[in-house]
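Residue numbers start from 1 in every chain, and the chains themselves are labelled A, B, ... in the order their sequence lines are given, proteins ahead of strands.
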2 protein chains.
Amino acid sequence: MSEHTGQERGRRTRERLLEATLTCLVEHGFAATTMQRVQSTAGVSRGALVHHYASMDELLVGAVHHVAKRQLEALRRAATSLEEGSTGRAQRVRLLHSVMSGPLFLAGLELWMAARTNPSLHDALVPAERELGRQIAEALTVEGADRANLTHLELDELLITLRGLAITSVLRPDPRLERLAIERWLGARG
Amino acid sequence: MSEHTGQERGRRTRERLLEATLTCLVEHGFAATTMQRVQSTAGVSRGALVHHYASMDELLVGAVHHVAKRQLEALRRAATSLEEGSTGRAQRVRLLHSVMSGPLFLAGLELWMAARTNPSLHDALVPAERELGRQIAEALTVEGADRANLTHLELDELLITLRGLAITSVLRPDPRLERLAIERWLGARG
DNA sequence: CCGTAATCAGACCATTCGGTCGGTTTAAGG
DNA sequence: CCTTAAACCGACCGAATGGTCTGATTACGG
């Protein structure tokens with residue numbers, strides 16, 4: 001049962017490297033996320049890092065997909081409660097909010113900003129984010145509950161608000177304002 | 001009349017350096033905004049840069065105040081149309097939106113994100129942003145037009161939406177969605 | 001006119017960066 | 001068992017980084 005196969009070992013190393021990359025992004029920011037910091041955070045040699053990710057760009061692209069994957073996992077795990085018929089839009093919004101905050105989202109935000117001026121990151125992030133959006137929509141939709149499900153447009157609008165909320169909270173955390181903004185969003189659409 | 005005085009020369013140099021810093025932030029991002037790039041963009045020697053801003057942190061703190069100043073100038077210039085009694089909330093929102101997009105805001109956004117993990121930048125940005133918010137509120141308020149003026153809370157909420165809009169547009173510019181989000185915000189408060 | 005302080009110039013420095021490379025270990029297959 | 005390839009190691013490299021330092025130039029008060 002103990003998976004000590006060769007390719008499994010490589011897989012684990014890559015996982016540790018990507019996880020370390022997210023940690024660095026969250027704790028030190030994009031500018032201070034260097035290969036040396038990532039390797040020491042992961043507890044991995046330079047050779048190992050460079051073997052799996054030949055350049056910084058490759059590592060960052062890997063991080064993009066990793067963070068998307070992790071966010072989707074988190075959402076799906078949280079969304080199981082939806083299947084049990086329990087109700088409304090408010091719950092969906094709360095679910096999405098939980099994914100659009102916290103360390104995972106912060107790492108994604110750093111990559112998002114960096115992608116603006118980094119072509120290879122940009123080329124990886126845009127389609128990844130598009131796909132993530134699709135998966136999120138799917139995970140939040142319950143067959144038959146047409147009244148509570150969100151349209152694509154509503155989802156886009158909600159994402160905008162949540163992003164604004166997240167980036168605002170980065171420097172000015174204000175739970176009261178957060179709750180209020182979400183309440184208003186819900187209230188505005190009856 | 002020609003201001004060739006000594007301290008005026010220094011002031012101009014500082015101005016060019018700060019302007020070059022904003023240019024670098026917008027065109028290359030925070031991570032690639034180095035002292036060398038700033039000095040060559042500004043067309044200034046290393047000695048001059050380091051004379052006015054002894055460290056990178058000092059330069060960035062200077063940039064924070066510069067961008068705040070420039071944003072406020074832009075808003076005030078645009079807000080003159082308000083004084084002439086011309087109406088409503090929609091115009092205020094449009095005004096604010098014009099300040100919360102474009103290169104100037106982008107530079108501020110880079111600094112905002114960087115401030116999360118840079119203490120001295122954080123210490124400079126938080127109070128500066130608070131003050132800017134205050135000044136913005138003032139610039140948008142017209143005495144007597146109580147019905148059209150925005151409350152502090154409404155302003156905070158609007159800023160959240162506009163920030164979300166801005167950061168979304170960084171990677172997925174969608175004028176249609178932008179307009180829609182703003183319309184909804186206006187409509188929701190009748 | 002002179003001294004002094006601000007401004008500017010650019011050579012220089014230690015450190016860190018991303019990336020290369022030769023060699024070793026480990027696992028898989030014939 | 002032996003070959004082969006993937007995984008890993010860490011010394012090494014040139015380039016770029018933020019920052020220091022010595023002098024030159026400029027402006028201005030006395």
Side-chain angles (χ1 to χ4, degrees), chain A residues 1-21 24-25 27-64 110-111 114 117-121 124, chain B residues 1-21 24-25 27-64 110-111 114 117-121 124:
Chain A
M1 184 59 76
S2 56
E3 294 285 3
H4 279 214
T5 146
Q7 68 177 21
E8 174 65 13
R9 190 155 73 110
R11 210 194 55 79
R12 280 176 201 251
T13 301
R14 275 191 295 274
E15 177 88 9
R16 289 173 64 189
L17 284 169
L18 295 177
E19 212 61 38
T21 304
C24 287
L25 285 171
E27 295 188 349
H28 307 288
F30 179 86
T33 297
T34 68
M35 305 194 84
Q36 320 218 11
R37 225 199 272 265
V38 168
Q39 63 167 291
S40 74
T41 300
V44 154
S45 74
R46 180 51 155 253
L49 200 180
V50 99
H51 173 73
H52 292 288
Y53 300 98
S55 71
M56 188 76 208
D57 275 358
E58 277 190 28
L59 179 63
L60 293 172
V61 168
V64 162
E110 293 280 345
L111 291 170
T117 49
N118 180 327
S120 56
L121 206 50
Chain B
M1 183 58 78
S2 58
E3 293 285 4
H4 279 213
T5 145
Q7 68 177 23
E8 174 64 13
R9 190 154 75 109
R11 210 194 55 80
R12 280 177 202 249
T13 301
R14 276 191 294 273
E15 178 87 9
R16 289 173 66 190
L17 284 169
L18 295 177
E19 212 60 39
T21 304
C24 288
L25 284 171
E27 295 189 347
H28 307 289
F30 179 86
T33 297
T34 67
M35 305 193 84
Q36 320 216 12
R37 226 199 271 268
V38 168
Q39 64 167 290
S40 73
T41 299
V44 154
S45 73
R46 179 53 150 245
L49 200 181
V50 98
H51 172 72
H52 292 288
Y53 301 98
S55 70
M56 188 76 209
D57 275 359
E58 277 189 29
L59 178 62
L60 293 172
V61 168
V64 162
E110 294 280 346
L111 292 170
T117 49
N118 181 326
S120 56
L121 206 49

Participant: Does C/dC8 have its OP1 or OP2 closer than 4.0 Å to a side-chain nitrogen or oxygen of B/H52?
Facilitator: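 Looking at the OP1 and OP2 atoms of C/dC8, one of them is under 4.0 Å from a side-chain N or O of B/H52.
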Participant: Using whole Å, what does the distance between atom C1' of nucleotide D/dT17 and atom CD of B/Q39 come to?
Facilitator: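 About 11 Å, once rounded to whole Å.
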Participant: Return the 5'-most residue of the pair B/V50, B/R14 with respect to DNA chain C, ranking by each residue's nearest nucleotide.
Facilitator: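 The residue whose closest nucleotide sits nearer the 5' end is B/R14.
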Participant: So does A/E8 pair up with A/R11, basic N to acidic O under 4.0 Å?
Facilitator: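 Result for this pair is yes, salt bridge flagged.
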Participant: Using a cut-off of less than 4.0 Å, is there contact between a side-chain N or O of B/S45 and OP1 or OP2 of C/dC8?
Facilitator: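 Result: no.
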Participant: I want to verify a distance call: between D/dC8, C/dG18, D/dT26, whose nearest atom is closest to the A/A48 side chain?
Facilitator: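 Of D/dC8, C/dG18, D/dT26, D/dC8 is nearest to the side chain of A/A48.
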Participant: Map A/A54 and A/Q36 onto DNA chain C by nearest heavy atom, then report which one ends up closer to the 5' terminus.
Facilitator: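 So the residue in question is A/Q36.
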Participant: Taking atom P of D/dG18 as reference, at what distance in whole Å does atom CG of B/N118 sit?
Facilitator: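 From B/N118 CG to D/dG18 P: 13 Å.
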Participant: Could you tell me whether the phosphate oxygens of C/dC8, OP1 or OP2, come under 4.0 Å of any side-chain nitrogen or oxygen in B/H51?
Facilitator: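 No, B/H51 has no side-chain N/O under 4.0 Å of OP1/OP2 on C/dC8.
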Participant: Side chain of A/T13, heavy atoms from C-beta onward: which of C/dG18, D/dT26, D/dC8 has the nearest atom to it?
Facilitator: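 Among C/dG18, D/dT26, D/dC8, the one nearest the side chain of A/T13 is D/dC8.
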Participant: Please examine the side chains of B/R46 and B/M35, heavy atoms only from C-beta on, and report whether any two atoms are closer than 4.5 Å.
Facilitator: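 Yes. Closest side-chain heavy atoms under 4.5 Å.
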Participant: May I have the distance from B/E8 (atom CD) to C/dA6 (atom C1'), rounded to whole angstrom?
Facilitator: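 So the two atoms are 14 Å apart, to the nearest Å.
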Participant: Of the nucleotides C/dC17, C/dC8, D/dA11, which one has an atom closest to the side chain of B/R9?
Facilitator: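 Closest nucleotide to the B/R9 side chain: C/dC8.
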Participant: Over all heavy atoms of both residues, which pair between B/L25 and B/F30 is shortest? Give the atoms and the distance, please.
Facilitator: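 Scanning both residues completely, I find the closest heavy atoms to be CD2-CA, 3.7 Å.
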